[in-house]
**Q** 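Got a structure for you, questions after.
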Amino acid sequence: MRQKFDPDALPKAYDASSVEDGIYAAWEASGAFQPQGKGEPYTIVMPPPNRTGTLHMGHATMLAIEDLLIRFQRMQGKRAWWIPGTDHAAIATQVKVEQMLVKQGMKNPREELGREKFLEEVVKFAAESRDTIVNQVRKMGSSCDWENEKYTFDEERNRAVNKMFAMMYEDGIIERGYRLVNWDPQFQTTLSDDEVQSKEVTAKLLTFTYDKDFPIAISTTRPETKFGDTAVAVHPDDKRYKKFVGKTFEPVFCGKKLLIKVIADEAVDPEFGTGALGVTPAHSMIDADMAVRHSLETVPVIGKDARLIEGVVGSGFGGLTITEAREKIQILLEDGGLLKSVTDVQQHLPVAERGGAPVEQLPMKQWFVRVNKSFVLRQDTLNKWKKGESATLKELMIEAVKSGETKIVPERFDKTYFHWIENLRDWCISRQIWFGHRILVWYKGEETKVSDVSPGEGWEQDPDTLDTWFSAGMWTFSTLGWPDEKEFKKHRKFHPTAVLETGYDILFFWVARMILMSTYALGEVPFKDVYLHGLVRDEQGRKMSKSLGNILDPLDLIPKYGTDAVRLSLVMGSTPGQDVKLSEEKIQGFRNFTNKLWNISRFMMMQMGEGDPSQSEPKTLADYWIRSRWLEVSRNVTEKIKTYQFSAAGEELRDFTWSDLADWYLEIAKIEKGKENILASLLQALLIHWHPFMPFVTEYIWKTAGFEGELITTSWPQMHAATDCKEDAEKAAEFEVLRSLITDMRRLRAEQGIEPAKIVEFSLVGSKQVTSLIEENMDVFKTLARASNISIVPSVQEGWATLVSGTTTIGLDVAGSVDIEKEKAKMTKEIADTERYIASTKQKLSNKEFMAKAPAKVKEEMETKYAEAEAKLNTLKERMEKLG
RNA sequence: GGACGCUUAGCUCAGUUGGUUAGAGCAUCUCGUUUACACCGAGAGGGUCGUAGGUUCGAAUCCUACAGCGUCCACCA
């Protein structure tokens, strides 16, 4: 039973920092974070933050949106399950720890400590990071299931990774091969294509011949790789070089004898440079492809240390860095009279995403996931393939989105996704770093075995680890117990997960790979929807970065403005896929907003009675009006959240709360008594709808008001058509007329410069409909007027209201102060337009030729529109008659 | 080079299948401290919806071209 309130006990301002921790602890203790009840399962797996340190605004956005979704669905009666976790982020974490150890004085931590000791350091750091991150996630108010926290590098996930590797190996889509890979010389590891970015640089384009006797000049920005050339390629139609095609030369390039075959290949652009291309299969992807087509030899000349390899290059070049070699070659060519020209060109230099070092393309023996290779499906897949049929991973990835089983919000990212997949190359998954899932492959001479344990004497384990995205790709089902059959069966209904919410920047890195893994291993999509949020930028739209010093840290802002304010500032005013500009002022604005909600509620609490809110029935016109408004708002808000329009939902709620509720209804409630129960039920409804947006303040009010249970587990009210009947709507409409009259009066008063504080007098007579409405509801009308410091007095003047204040008298057209003539003109035009439309459509519909040709859909649409237009015309004409 | 996005009030942005007079927040100006709230309230000003065409009874919304800005992808050596 609720108690009456002592207003003095309620603070005037809401102090977030003093209540949030307590509320969070209560939620967690209540078990609300675990999936409850028998409803339909609704799963979100939290994109696991990297264990590299702390959370940033991007994480805060992700948590705000996902918590909003989870809370909403939980209140909708779903078995909502939000699974938290962290990512070991192999290379990122290892690099971070290395840098830390170097700072502490070590020169080369990996060499000094050795694999085992070094890994201990990484594990220790990762554990600390995990604690920090988890604490931050809690601070954001995230209602995730901490009893099921996962880690991409814990034992269960390791089992999943190993199982996946073994399956793919068995199916022939994981293969070891000697191919060109991206090599990061700084961290001494391979990188996937996605971990390589391009940087614009100005490079020198050298045009030259290998030696005096070589007949074709070539151009390159990478002369140092030319020691590895095994061919010169020209376009098949290029007349200049036709006579050389098929011939072999043995030029001496900077002291190294080459074996150059002249080949013809369509990939060569005859317009560029000399129209001839020196082919270096060992250090260029395009050249490597050509080498396959023409059976060319691959001669690596650059080593893992990004220096030229002694013995395969000209004498004096071995051991030189790329820059040194370039300079030396240029001088030699110039001296030998071989250099034709040097020009500056803009070039995209591949650099490592982490560390920023130039990435070299080197041929190496590595493990690959083959995306274009057909394999036999282990189960029915995506409603398209049956068990035992064949498909490629690429086909699976395309089908998942094309079929609509996974929908991307916003839709336009579909195109980006398909484009990326079409150009996808095999995925190099082996890394030469230590921190990560070890590849469970053993070698003995030429023999290879996949096994958890050593197959026996003389077997050596592969020293490499797996790309971090390999384990991350399995996140939706490795967190649900897969591959343990018993465990996974228990959670089977929670997969596919409902929605994957993440930034658009990792659509390729992660989202696409999750689709790959899930469709491959389970035959189903990993999630039904993908919601991509924008990136959080600073006030000027720049990326937040340490070097710019423009980082806003959620952990600084939360104590200052409250978690609810921070969350709102990330959800409101942002649309999917669109970047958000964030400033402290914006957050401050939402702090005010939070406080306003508190004060509205505080006032309602003070007016509320002790009765049962569910027993409230509307009595006055104002009651009918506010309830009818609320039903509409509630419906819209619910629908908008369901369709991921969070900002629009929040705005609609805000407009109701401020304009309708606070500015009108509560002002009336100060005067009209007997609203105890309806106020309580309104407050409940309001808190329920605001809860997913601002969980702390709403839960705090809920408890303060003494409502039953916890708001977090209170169910969202279902809207019944019965509560929205015709009579109710009419009453609401009547109130609306009275309200608009008062609004007009207020404006009139302001225009006349009469102080709002002064009570001014209006006298009303007006048109018959309106006057009779006012007469019937004089009490309500007077109350409304009083709330605006207006008093109504009888008048002798027909058809007009007068506002009297001192010597000022103003007439008011009580029909709603519309300009009748203007209204008439507008309607006349509209009627004419509609009539014209009807005439033209009629003609089309009666045109036999057109009807025969037009598709059914078009005809149907035209007919509907035609009917609509006729109905509209009738309404318009009726209204016109009323105006006279 | 390809793709995508943005261009709407001074600023930040909404505007979901084309449909009353294009909205909100912030900022500005005027007025106001009526015990829910100054982390407040009442009002006001401010937009040829990037430009030019087209489709339509009707376009910020659809189509075409152009301009500026931005992002992603791509091996022109």
Side-chain angles (χ1 to χ4, degrees), chain A residues 7 10 12-14 180 193 198 205-207 218-222 225 233 267-269 271-280 283-289 345 347-348 350 361 410 412-413 415-416 419-420 423 504-505 507-508 535 539 541 561 565 572-575 577-583 585-586 588-607 640 643 645 647-648 651 654-655 662-663 666-667 670 746-747 749-751 753-759 787-789 822-823 826-827 829-830 832-841 868-869 872:
Chain A
L10 301 173
K12 280 198 170 189
Y14 169 67
L180 273 201
D193 290 350
S198 66
L205 181 71
L206 272 54
T207 303
I218 56 163
S219 299
T220 186
T221 52
R222 301 213 52 188
T225 64
V268 179
D269 177 1
E271 303 294 318
F272 187 87
T274 61
L277 163 68
V279 184
T280 324
H283 299 292
S284 155
M285 295 278 182
I286 188 171
D287 295 7
D289 291 345
V345 288
Q347 201 194 24
H348 291 274
Q361 293 179 340
R412 65 184 146 87
F413 278 95
K415 272 193 183 171
T416 326
H419 182 256
W420 181 80
N423 294 303
Y504 64 78
D505 52 332
L507 178 66
F508 305 139
L535 271 35
E539 275 173 279
Y561 301 107
M572 300 289 281
S574 77
T575 42
Q578 208 63 41
D579 292 352
V580 200
K581 289 186 186 131
L582 186 68
S583 63
E585 288 82 71
K586 187 174 173 188
Q588 198 178 334
F590 283 109
R591 190 268 319 265
N592 298 354
F593 185 99
T594 315
N595 190 56
K596 179 73 182 179
L597 183 69
W598 159 250
N599 272 295
I600 287 171
S601 308
R602 177 170 177 259
F603 175 71
M604 290 171 89
M605 283 189 258
M606 280 155 48
Q607 305 284 315
K640 280 174 176 163
T643 50
Q645 302 172 72
S647 187
E651 265 174 50
R654 185 199 53 208
D655 290 348
D663 297 344
L666 294 187
E667 288 304 318
K670 283 178 186 172
R746 280 198 207 170
R747 196 183 311 120
R749 178 171 60 184
E751 278 166 13
I754 298 163
E755 288 173 26
K758 236 182 228 171
I759 290 192
S788 300
N789 281 320
K822 215 170 151 187
E823 184 79 354
K826 211 178 75 195
M827 296 221 349
K829 184 182 174 288
E830 216 172 313
D833 280 353
T834 313
E835 273 172 345
R836 235 180 306 161
Y837 170 70
I838 288 174
S840 77
T841 313
E868 272 172 20
K872 186 183 155 190

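Lettering of chains follows the sequences in order, A, B, ..., and the numbering in each one begins at 1. What you see is a predicted model, and the numbers here were worked out from it, not measured in a lab.
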**Q** B:C40 P sits how many Å from A:Lys12 NZ, rounded?
**A** 14 Å

**Q** Nearest-Å distance, CD (A:Gln588) to P (B:C39)?
**A** 10 Å

**Q** When the P atoms of B:U20 and B:A59 are considered, how many whole Å apart are they?
**A** 12 Å

**Q** Within the 4.0 Å heavy-atom criterion, would you say A:Asp663 contacts the bases, only the backbone, or no part of the nucleic acid?
**A** sugar-phosphate

**Q** Write down the distance between CH2 (A:Trp598) and C1' (B:C40), rounded to a whole number of angstrom.
**A** 17 Å

**Q** Would A:Lys596 pass as a cation-pi partner of A:Tyr14, given that its NZ or CZ must be under 6.0 Å from the six-membered ring centre and within 45 degrees of the axis?
**A** no

**Q** Given B:C4, is OP1 or OP2 found less than 4.0 Å from the side-chain N or O atoms of A:Lys415?
**A** yes

**Q** For each nucleotide in nucleotides 70-77 of chain B, reading 5' to 3', give B when a protein heavy atom comes within less than 4.0 Å of its base, S when such contact involves only the sugar-phosphate, and - otherwise.
**A** --SSBBBB

**Q** Does A:Lys596 have a side-chain nitrogen or oxygen under 4.0 Å from the phosphate oxygens OP1 or OP2 of B:C40?
**A** no

**Q** Grab the NZ-C1' distance between A:Lys670 and B:C40 for me, whole Å please.
**A** 11 Å

**Q** Using the P atoms only, state how far B:G5 lies from B:U64, rounded to an integer number of Å.
**A** 12 Å

**Q** For a 4.5 angstrom cut-off between non-hydrogen side-chain atoms, does A:Lys581 reach A:Lys586?
**A** no

**Q** Whole angstroms only, please: what is the CD-P distance between A:Glu667 and B:C40?
**A** 16 Å

**Q** Give RNA chain B the dot-bracket treatment, 5' to 3': Watson-Crick (N1-N3 with N6-O4 or O6-N4) or G-U (N1-O2, O6-N3) under 3.5 Å, [ ] crossing, | other strand.
**A** (((((((..((((.....[...)))).(((((.......))))).....(((((..]....))))))))))))....

**Q** Evaluate the side-chain proximity of A:Arg602 to A:Met606: yes if any heavy-atom separation is below 4.5 Å, no if none is.
**A** yes

**Q** Taking the same atom, P, in B:U51 and in B:C11, what whole-Å distance lies between them?
**A** 15 Å

**Q** Quick check against the 3.5 Å criterion: does A:Ser601 have a side-chain atom that pairs as donor or acceptor with the backbone of A:Leu597?
**A** yes

**Q** Would you call A:Ile218 and A:Thr207 a side-chain contact if the rule is heavy atoms closer than 4.5 Å?
**A** no

**Q** Out of B:C37, B:A36, B:C40, which has the shortest distance to the side chain of A:Asn592?
**A** B:C40

**Q** Between atom CG of A:Asp287 and atom OG1 of A:Thr280, what is the distance when rounded to the nearest 0.5 Å?
**A** 5.0 Å

**Q** Rounded to whole Å, please give me the gap between CD in A:Gln607 and C1' in B:U35.
**A** 12 Å

**Q** Could you measure between the two P atoms, the one in B:A22 and the one in B:A67, and give it in whole Å?
**A** 31 Å

**Q** To the nearest 0.5 angstrom, please state how far the CD atom of A:Gln347 sits from the OG1 atom of A:Thr221.
**A** 3.5 Å

**Q** From A:Leu277 CG over to A:Ile286 CD1, what is the distance, rounded to the nearest 0.5 angstrom?
**A** 7.0 Å

**Q** Does any non-hydrogen side-chain atom of A:Lys670 lie less than 4.5 Å from one of A:Glu667?
**A** yes

**Q** Side chain of A:Arg602, base of B:C37: donor and acceptor closer than 3.5 Å?
**A** no

**Q** For nucleotides B:U8 and B:G46, find the distance between their C1' atoms and express it as a whole number of Å.
**A** 13 Å

**Q** Suppose you measure atom P in B:U48 against the same atom in B:A9; what distance do you get, rounded to whole Å?
**A** 8 Å

**Q** Check whether any side-chain heavy atom of A:Phe272 lies under 4.5 Å from a side-chain heavy atom of A:Leu205, and answer yes or no.
**A** yes

**Q** Rounded to whole angstroms, how far apart are CG on A:Leu666 and P on B:A36?
**A** 10 Å

**Q** Is the shortest heavy-atom distance from the side chain of A:Leu535 to the side chain of A:Asp505 under 4.5 Å?
**A** yes

**Q** Give the rounded distance in Å between these two atoms: CE of A:Met572 and C1' of B:G25.
**A** 9 Å

**Q** Please tabulate the protein-to-nucleotide N/O contacts below 3.5 Å involving nucleotides 5-15 of chain B, giving atom names and distances.
**A**
{"from": "B:C13", "atom 1": "OP2", "to": "A:Lys581", "atom 2": "NZ", "distance (Å)": "2.7"}
{"from": "B:A14", "atom 1": "OP1", "to": "A:Thr575", "atom 2": "OG1", "distance (Å)": "2.8"}

**Q** Quick check: A:Tyr504 with A:Phe413 (ring centres under 6.0 Å apart)?
**A** yes

**Q** In Å, rounded to the nearest 0.5 Å, how long is the span from OH of A:Tyr561 to CD of A:Gln588?
**A** 4.5 Å

**Q** I'd like the P distance from B:C49 over to B:C37, given in whole Å.
**A** 44 Å

**Q** Provide the distance between the two C1' atoms, one in B:U21 and one in B:C4, to the nearest whole Å.
**A** 35 Å

